[in-house]
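Whatever order the structure lists them in is the order used to number ligands and atoms, beginning at 1.
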Amino acid sequence: MELENYLKEKKAIIDKYLEEKLPSEQENPTLIHRSIRYSVLNGGKRLRPILTLMTAELLGRPFQLALPAAAGIELIHCFSLVHDDLPCMDDDDYRRGKLTNHKVFGEGIAVLTGDALLVMGLDFICQNARVEGISKESVLQVIGKVLEMLGTREMLGGQSDDINWKYQKQAENKIVEIYLKKTSALICASLETGALLSQANEKEIEALHAFGKYFGLAFQITDDLLDFQQDKKDDEKPSYPAIFGIEKAKDEILKYCLQAKDSLEIFGSKAELFSKLVDYVRRRKE
Ligand code: GRG
(Lines give C-alpha, C1' and ligand atoms only; values in the text may rest on other atoms or scores of the structure.)
Protein backbone atom coordinates (compact mmCIF):
# COMPACT_ATOMS: atom_id res chain seq x y z
CA MET A 1 0.00 0.00 0.00
CA GLU A 2 1.11 3.55 -0.66
CA LEU A 3 2.52 5.20 2.46
CA GLU A 4 0.14 8.15 2.39
CA ASN A 5 -2.91 5.87 2.24
CA TYR A 6 -1.44 3.71 5.01
CA LEU A 7 -0.94 6.75 7.26
CA LYS A 8 -4.43 8.02 6.51
CA GLU A 9 -6.02 4.65 7.21
CA LYS A 10 -4.13 4.05 10.48
CA LYS A 11 -4.72 7.62 11.69
CA ALA A 12 -8.46 7.13 11.16
CA ILE A 13 -8.37 3.88 13.17
CA ILE A 14 -6.51 5.52 16.06
CA ASP A 15 -8.76 8.60 15.99
CA LYS A 16 -11.87 6.43 16.11
CA TYR A 17 -10.50 4.34 18.98
CA LEU A 18 -9.64 7.46 21.00
CA GLU A 19 -12.96 9.10 20.22
CA GLU A 20 -14.81 6.02 21.54
CA LYS A 21 -12.64 5.25 24.58
CA LEU A 22 -12.11 8.71 26.06
CA PRO A 23 -14.73 9.84 28.60
CA SER A 24 -17.49 11.85 26.93
CA GLU A 25 -17.84 15.59 27.44
CA GLN A 26 -21.10 14.93 29.32
CA GLU A 27 -19.49 12.71 31.93
CA ASN A 28 -18.66 14.32 35.27
CA PRO A 29 -16.40 16.12 35.95
CA THR A 30 -17.32 17.64 32.59
CA LEU A 31 -14.72 20.39 32.51
CA ILE A 32 -11.71 18.08 32.67
CA HIS A 33 -13.27 15.65 30.22
CA ARG A 34 -13.93 18.48 27.78
CA SER A 35 -10.36 19.63 28.20
CA ILE A 36 -8.95 16.12 27.63
CA ARG A 37 -10.95 15.67 24.45
CA TYR A 38 -9.94 19.17 23.30
CA SER A 39 -6.25 18.29 23.52
CA VAL A 40 -6.46 14.79 22.07
CA LEU A 41 -9.10 14.95 19.33
CA ASN A 42 -7.54 17.87 17.55
CA GLY A 43 -5.82 16.68 14.43
CA GLY A 44 -2.44 15.32 15.52
CA LYS A 45 -0.56 13.24 12.96
CA ARG A 46 -0.64 10.19 15.29
CA LEU A 47 2.86 9.31 14.15
CA ARG A 48 3.89 7.51 17.36
CA PRO A 49 0.90 5.15 17.60
CA ILE A 50 1.16 4.52 13.87
CA LEU A 51 4.77 3.41 14.47
CA THR A 52 3.50 0.97 17.11
CA LEU A 53 0.98 -0.53 14.68
CA MET A 54 3.49 -0.57 11.82
CA THR A 55 5.93 -2.48 14.01
CA ALA A 56 3.36 -5.16 14.84
CA GLU A 57 2.70 -5.55 11.11
CA LEU A 58 6.42 -5.59 10.30
CA LEU A 59 6.69 -8.56 12.66
CA GLY A 60 3.86 -10.36 10.92
CA ARG A 61 1.17 -9.71 13.53
CA PRO A 62 -2.20 -7.99 13.01
CA PHE A 63 -2.07 -4.33 14.09
CA GLN A 64 -5.23 -4.80 16.22
CA LEU A 65 -3.26 -6.65 18.85
CA ALA A 66 -1.38 -3.45 19.71
CA LEU A 67 -4.19 -0.91 19.29
CA PRO A 68 -4.96 -0.12 22.98
CA ALA A 69 -1.27 0.39 23.79
CA ALA A 70 -0.76 2.46 20.63
CA ALA A 71 -3.62 4.73 21.71
CA GLY A 72 -2.03 4.91 25.18
CA ILE A 73 1.24 6.05 23.59
CA GLU A 74 -0.63 8.85 21.81
CA LEU A 75 -2.21 9.97 25.10
CA ILE A 76 1.24 10.11 26.69
CA HIS A 77 2.46 12.18 23.73
CA CYS A 78 -0.55 14.53 24.16
CA PHE A 79 0.27 14.84 27.87
CA SER A 80 3.80 15.96 27.00
CA LEU A 81 2.48 18.51 24.51
CA VAL A 82 -0.03 20.04 26.97
CA HIS A 83 2.66 20.41 29.62
CA ASP A 84 5.28 21.57 27.12
CA ASP A 85 2.98 24.45 26.07
CA LEU A 86 2.46 25.75 29.62
CA PRO A 87 3.71 29.26 30.49
CA CYS A 88 6.30 27.75 32.84
CA MET A 89 7.69 25.67 29.95
CA ASP A 90 7.56 26.79 26.30
CA ASP A 91 4.70 29.22 26.83
CA ASP A 92 2.99 28.56 23.52
CA ASP A 93 -0.35 29.97 22.41
CA TYR A 94 -1.07 27.55 19.58
CA ARG A 95 -0.86 23.79 19.18
CA ARG A 96 -2.05 21.81 16.17
CA GLY A 97 -3.48 25.05 14.78
CA LYS A 98 -5.72 25.71 17.79
CA LEU A 99 -5.29 27.65 21.03
CA THR A 100 -3.23 25.69 23.54
CA ASN A 101 -5.04 23.98 26.39
CA HIS A 102 -4.14 26.52 29.08
CA LYS A 103 -5.28 29.39 26.83
CA VAL A 104 -8.74 27.85 26.69
CA PHE A 105 -9.12 26.13 30.07
CA GLY A 106 -6.60 27.97 32.29
CA GLU A 107 -3.33 26.73 33.75
CA GLY A 108 -4.75 24.65 36.59
CA ILE A 109 -6.95 22.57 34.30
CA ALA A 110 -4.13 22.27 31.75
CA VAL A 111 -1.79 20.80 34.39
CA LEU A 112 -4.50 18.36 35.47
CA THR A 113 -5.30 17.49 31.85
CA GLY A 114 -1.67 16.55 31.28
CA ASP A 115 -1.66 14.48 34.48
CA ALA A 116 -4.89 12.75 33.46
CA LEU A 117 -3.54 11.96 29.98
CA LEU A 118 -0.42 10.39 31.42
CA VAL A 119 -2.42 8.22 33.82
CA MET A 120 -4.93 7.28 31.11
CA GLY A 121 -2.12 6.50 28.69
CA LEU A 122 -0.64 3.99 31.11
CA ASP A 123 -4.11 2.58 31.78
CA PHE A 124 -4.74 2.09 28.03
CA ILE A 125 -1.46 0.18 27.82
CA CYS A 126 -2.56 -2.07 30.71
CA GLN A 127 -5.87 -2.67 28.88
CA ASN A 128 -3.84 -4.26 26.10
CA ALA A 129 -3.49 -7.31 28.37
CA ARG A 130 -7.17 -8.09 27.60
CA VAL A 131 -6.51 -8.53 23.89
CA GLU A 132 -6.61 -12.16 22.82
CA GLY A 133 -3.20 -13.61 22.10
CA ILE A 134 -1.32 -11.03 24.17
CA SER A 135 0.78 -12.27 27.06
CA LYS A 136 0.51 -10.37 30.36
CA GLU A 137 4.28 -10.61 30.59
CA SER A 138 4.69 -8.59 27.37
CA VAL A 139 2.34 -5.87 28.68
CA LEU A 140 4.39 -5.68 31.86
CA GLN A 141 7.52 -5.28 29.73
CA VAL A 142 5.86 -2.45 27.80
CA ILE A 143 4.86 -0.68 31.02
CA GLY A 144 8.45 -1.02 32.28
CA LYS A 145 9.80 0.37 29.00
CA VAL A 146 7.39 3.31 28.98
CA LEU A 147 8.09 4.23 32.62
CA GLU A 148 11.82 4.12 31.94
CA MET A 149 11.30 6.38 28.91
CA LEU A 150 9.31 8.89 30.97
CA GLY A 151 11.94 9.21 33.69
CA THR A 152 14.77 11.60 34.49
CA ARG A 153 17.25 9.69 32.34
CA GLU A 154 15.10 10.12 29.25
CA MET A 155 12.09 12.32 28.45
CA LEU A 156 11.77 14.23 31.70
CA GLY A 157 15.55 14.70 31.81
CA GLY A 158 15.57 15.94 28.21
CA GLN A 159 12.84 18.47 28.93
CA SER A 160 14.65 19.63 32.07
CA ASP A 161 17.86 20.22 30.06
CA ASP A 162 15.79 21.86 27.36
CA ILE A 163 14.28 24.46 29.68
CA ASN A 164 17.65 25.10 31.30
CA TRP A 165 19.41 25.42 27.97
CA LYS A 166 22.44 27.65 27.94
CA TYR A 167 24.59 27.87 24.87
CA GLN A 168 27.49 25.58 25.61
CA LYS A 169 30.91 25.03 24.17
CA GLN A 170 30.11 21.47 23.23
CA ALA A 171 26.73 22.54 21.95
CA GLU A 172 26.50 19.89 19.26
CA ASN A 173 26.86 16.97 21.65
CA LYS A 174 24.53 18.54 24.16
CA ILE A 175 21.81 19.35 21.66
CA VAL A 176 21.86 15.82 20.26
CA GLU A 177 21.64 14.45 23.81
CA ILE A 178 18.59 16.62 24.52
CA TYR A 179 16.87 15.57 21.28
CA LEU A 180 17.56 11.91 22.00
CA LYS A 181 15.87 12.25 25.37
CA LYS A 182 12.97 14.55 24.65
CA THR A 183 12.01 13.26 21.18
CA SER A 184 13.72 9.99 20.23
CA ALA A 185 12.92 8.30 23.55
CA LEU A 186 9.13 8.31 23.01
CA ILE A 187 9.55 7.29 19.38
CA CYS A 188 11.77 4.36 20.46
CA ALA A 189 9.20 3.37 23.09
CA SER A 190 6.42 3.48 20.45
CA LEU A 191 8.33 1.05 18.24
CA GLU A 192 9.39 -1.17 21.14
CA THR A 193 5.79 -1.35 22.36
CA GLY A 194 4.76 -2.87 19.03
CA ALA A 195 7.80 -5.14 19.14
CA LEU A 196 7.30 -6.43 22.69
CA LEU A 197 3.60 -7.11 22.12
CA SER A 198 4.56 -9.03 18.98
CA GLN A 199 7.12 -11.19 20.79
CA ALA A 200 10.05 -9.76 18.83
CA ASN A 201 13.49 -11.19 19.52
CA GLU A 202 16.37 -9.16 20.96
CA LYS A 203 18.01 -8.44 17.61
CA GLU A 204 14.75 -7.11 16.21
CA ILE A 205 14.18 -4.92 19.28
CA GLU A 206 17.73 -3.55 19.04
CA ALA A 207 17.24 -2.73 15.35
CA LEU A 208 13.95 -0.96 16.03
CA HIS A 209 15.50 0.96 18.92
CA ALA A 210 18.32 2.18 16.65
CA PHE A 211 15.77 3.18 14.02
CA GLY A 212 13.82 5.18 16.62
CA LYS A 213 16.93 6.95 17.81
CA TYR A 214 17.99 8.19 14.36
CA PHE A 215 14.47 8.76 13.10
CA GLY A 216 13.74 10.85 16.23
CA LEU A 217 16.83 13.01 15.64
CA ALA A 218 15.92 13.57 11.98
CA PHE A 219 12.32 14.32 13.01
CA GLN A 220 13.30 16.85 15.70
CA ILE A 221 15.88 18.69 13.57
CA THR A 222 13.30 18.87 10.76
CA ASP A 223 10.82 20.29 13.28
CA ASP A 224 13.35 22.93 14.32
CA LEU A 225 14.17 23.72 10.71
CA LEU A 226 10.49 24.28 9.90
CA ASP A 227 10.15 26.61 12.92
CA PHE A 228 13.37 28.39 11.98
CA GLN A 229 12.30 28.92 8.39
CA GLN A 230 8.89 30.19 9.54
CA ASP A 231 10.70 32.58 11.88
CA LYS A 232 9.33 30.92 15.02
CA LYS A 233 12.64 31.27 16.84
CA ASP A 234 13.16 31.07 20.57
CA ASP A 235 16.68 32.09 21.63
CA GLU A 236 16.29 30.37 24.98
CA LYS A 237 15.76 26.96 23.40
CA PRO A 238 18.26 24.62 21.82
CA SER A 239 17.73 24.58 18.08
CA TYR A 240 20.07 22.90 15.61
CA PRO A 241 19.57 25.33 12.68
CA ALA A 242 19.74 28.39 14.95
CA ILE A 243 23.16 27.32 16.23
CA PHE A 244 24.72 25.51 13.29
CA GLY A 245 22.88 27.03 10.32
CA ILE A 246 20.36 25.70 7.81
CA GLU A 247 22.84 23.83 5.59
CA LYS A 248 24.41 21.86 8.44
CA ALA A 249 20.96 21.07 9.83
CA LYS A 250 19.91 19.71 6.42
CA ASP A 251 23.10 17.60 6.22
CA GLU A 252 22.44 16.17 9.66
CA ILE A 253 18.83 15.33 8.81
CA LEU A 254 20.02 13.43 5.75
CA LYS A 255 22.69 11.61 7.78
CA TYR A 256 20.21 10.51 10.44
CA CYS A 257 17.67 9.46 7.81
CA LEU A 258 20.24 7.17 6.20
CA GLN A 259 21.24 5.76 9.59
CA ALA A 260 17.56 5.15 10.41
CA LYS A 261 17.08 3.21 7.17
CA ASP A 262 20.27 1.20 7.68
CA SER A 263 19.15 0.20 11.16
CA LEU A 264 16.33 -1.89 9.72
CA GLU A 265 18.53 -3.86 7.32
CA ILE A 266 17.78 -7.16 9.10
CA PHE A 267 14.13 -6.89 8.02
CA GLY A 268 15.02 -6.61 4.31
CA SER A 269 12.23 -5.50 1.99
CA LYS A 270 9.62 -5.96 4.75
CA ALA A 271 10.80 -2.62 6.17
CA GLU A 272 10.09 -0.71 2.96
CA LEU A 273 7.23 1.26 4.51
CA PHE A 274 9.56 2.45 7.27
CA SER A 275 12.03 3.67 4.65
CA LYS A 276 9.27 5.53 2.86
CA LEU A 277 8.20 7.06 6.17
CA VAL A 278 11.72 8.37 6.74
CA ASP A 279 11.67 10.13 3.35
CA TYR A 280 8.14 11.40 3.95
CA VAL A 281 9.06 12.95 7.30
CA ARG A 282 12.18 14.54 5.85
CA ARG A 283 10.12 16.21 3.14
CA ARG A 284 7.30 17.34 5.44
CA LYS A 285 6.28 20.97 5.38
CA GLU A 286 4.35 21.13 8.70
C1 GRG B 1 8.04 12.80 30.77
C2 GRG B 1 7.20 12.97 33.12
C3 GRG B 1 7.50 13.64 31.85
C4 GRG B 1 7.26 14.95 31.69
C5 GRG B 1 7.09 15.58 30.37
C6 GRG B 1 6.80 18.30 28.86
C7 GRG B 1 7.79 17.20 28.76
C8 GRG B 1 8.18 16.46 30.00
C9 GRG B 1 8.34 16.86 27.58
C10 GRG B 1 8.02 17.53 26.29
C11 GRG B 1 8.73 16.88 25.19
C12 GRG B 1 8.32 17.42 23.86
C13 GRG B 1 7.08 18.21 23.71
C14 GRG B 1 9.09 17.17 22.80
C15 GRG B 1 8.77 17.63 21.42
C16 GRG B 1 8.48 16.47 20.54
C17 GRG B 1 7.85 16.90 19.23
C18 GRG B 1 8.74 17.08 18.06
C19 GRG B 1 6.53 17.10 19.15
C20 GRG B 1 5.78 17.35 17.92
O21 GRG B 1 5.39 16.09 17.41
P22 GRG B 1 4.44 15.90 16.16
O23 GRG B 1 4.90 16.77 15.05
O24 GRG B 1 3.07 16.47 16.72
O25 GRG B 1 4.33 14.45 15.87
P26 GRG B 1 1.56 16.05 16.41
O27 GRG B 1 0.78 17.28 16.78
O28 GRG B 1 1.41 15.69 14.97
O29 GRG B 1 1.26 14.90 17.32
Side-chain angles (χ1 to χ4, degrees), residues 7-8 10-11 14-15 18 38-52 70-92 94-102 107 110-122 145-165 175 177-191 212-213 215-228 230 232 234 237-241 253 256 277-278 280-286:
L7 295 177
K8 221 164 139 189
K10 290 294 186 290
K11 176 175 152 50
I14 293 155
D15 283 345
L18 289 167
Y38 178 84
S39 282
V40 177
L41 307 173
N42 61 354
K45 293 186 285 297
R46 313 302 189 205
L47 185 64
R48 293 153 192 81
I50 290 175
L51 284 172
T52 305
I73 292 278
E74 177 64 19
L75 295 184
I76 292 172
H77 170 59
C78 294
F79 138 70
S80 77
L81 299 180
V82 172
H83 278 197
D84 189 51
D85 291 336
L86 286 167
C88 59
M89 301 243 175
D90 268 13
D91 194 11
D92 279 318
Y94 289 91
R95 167 69 63 188
R96 294 174 170 169
K98 287 166 65 181
L99 284 171
T100 44
N101 189 291
H102 64 273
E107 272 183 64
V111 169
L112 290 175
T113 298
D115 295 344
L117 289 171
L118 175 57
V119 174
M120 276 180 181
L122 292 169
K145 175 78 240 166
V146 169
L147 290 177
E148 191 185 329
M149 173 280 294
L150 286 165
T152 50
R153 296 195 177 100
E154 297 192 44
M155 202 173 175
L156 194 149
Q159 180 73 356
S160 133
D161 284 347
D162 190 277
I163 63 175
N164 284 309
W165 169 256
I175 207 166
E177 185 194 322
I178 293 176
Y179 288 178
L180 282 172
K181 291 176 177 177
K182 76 164 196 176
T183 305
S184 293
L186 181 53
I187 291 178
C188 287
S190 310
L191 294 150
K213 198 170 103 177
F215 180 76
L217 289 173
F219 186 78
Q220 182 61 62
I221 302 177
T222 305
D223 212 58
D224 287 353
L225 194 58
L226 291 171
D227 279 353
F228 190 76
Q230 290 161 18
K232 286 196 241 155
D234 180 347
K237 302 254 314 156
S239 157
Y240 210 97
I253 292 168
Y256 290 129
L277 183 68
V278 170
Y280 176 80
V281 161
R282 189 160 69 86
R283 285 196 304 266
R284 79 195 169 103
K285 296 276 173 279
E286 53 172 4

Trainee: Counting heavy atoms only, which of His83, His77, Lys182 is nearest atom 24 (O) of ligand 1?
Mentor: His77
Trainee: Return the closest protein heavy atom for atom 6 (C) of ligand 1 as residue, atom name and distance.
Mentor: Ser80 O, 3.4 Å
Trainee: For atom 2 (C) of ligand 1, grab the closest protein heavy atom and report residue, atom and distance to one decimal in Å.
Mentor: Leu156 CD1, 3.5 Å
Trainee: Between Ser80 and His77 (side chain of the first, backbone of the second, donor and acceptor by atom type, cut-off under 3.5 Å), is there such a pair?
Mentor: yes
Trainee: Can you figure out which of Lys11, Arg46, Arg48 has its heavy atom closest to atom 17 (C) of ligand 1?
Mentor: Arg48
Trainee: At what distance is the nearest protein heavy atom to atom 5 (C) of ligand 1, and which residue and atom is it?
Mentor: Phe79 CZ, 3.6 Å
Trainee: Check whether His83 reaches the backbone of Val111 with its side chain - one donor and one acceptor, N or O, closer than 3.5 Å.
Mentor: yes
Trainee: For ligand 1, which atoms, with element, lie under 4.0 Å from some heavy atom of Leu150?
Mentor: 1 (C), 2 (C), 3 (C)
Trainee: Show me which atoms of ligand 1 lie under 4.0 Å from any heavy atom of Phe219.
Mentor: 18 (C), 21 (O), 22 (P), 23 (O), 25 (O)
Trainee: Under a 3.5 Å threshold, yes or no: a donor from one side chain and an acceptor from the other, between Asn101 and Ser39?
Mentor: yes
Trainee: With a cut-off of 4.0 Å, which atoms of ligand 1 are near a heavy atom of Arg96?
Mentor: 26 (P), 27 (O), 29 (O)
Trainee: Quick test of your reading of the structure: of Gln159, Arg284, Gln220, whose heavy atom lies closest to atom 10 (C) of ligand 1?
Mentor: Gln159
Trainee: Keeping the roles fixed (side chain from Tyr256, backbone from Lys213), state whether a donor-acceptor pair exists under 3.5 Å.
Mentor: no
Trainee: Say whether, by atom type as modelled, one donor and one acceptor occur between the side chain of Thr100 and the main chain of Arg95 under 3.5 angstrom.
Mentor: no
Trainee: Which value, rounded to the nearest 0.5 Å, describes the distance between Tyr179 atom OH and Asp162 atom CG?
Mentor: 8.0 Å
Trainee: Please check this pair: side chain of Asn164 against backbone of Ser160, looking for a donor-acceptor N/O pair closer than 3.5 Å.
Mentor: yes
Trainee: Output the list of atoms in ligand 1 that are nearer than 4.0 Å to some heavy atom of Thr183, sorted by atom number.
Mentor: 16 (C)
Trainee: Considering only protein heavy atoms, which is closest to atom 22 (P) of ligand 1, and at what distance to one decimal place?
Mentor: Lys45 NZ, 3.4 Å
Trainee: With distance as the sole test, does Lys45 use its side chain to make a donor-acceptor pair with the main-chain N or O of Lys11 at under 3.5 Å?
Mentor: no
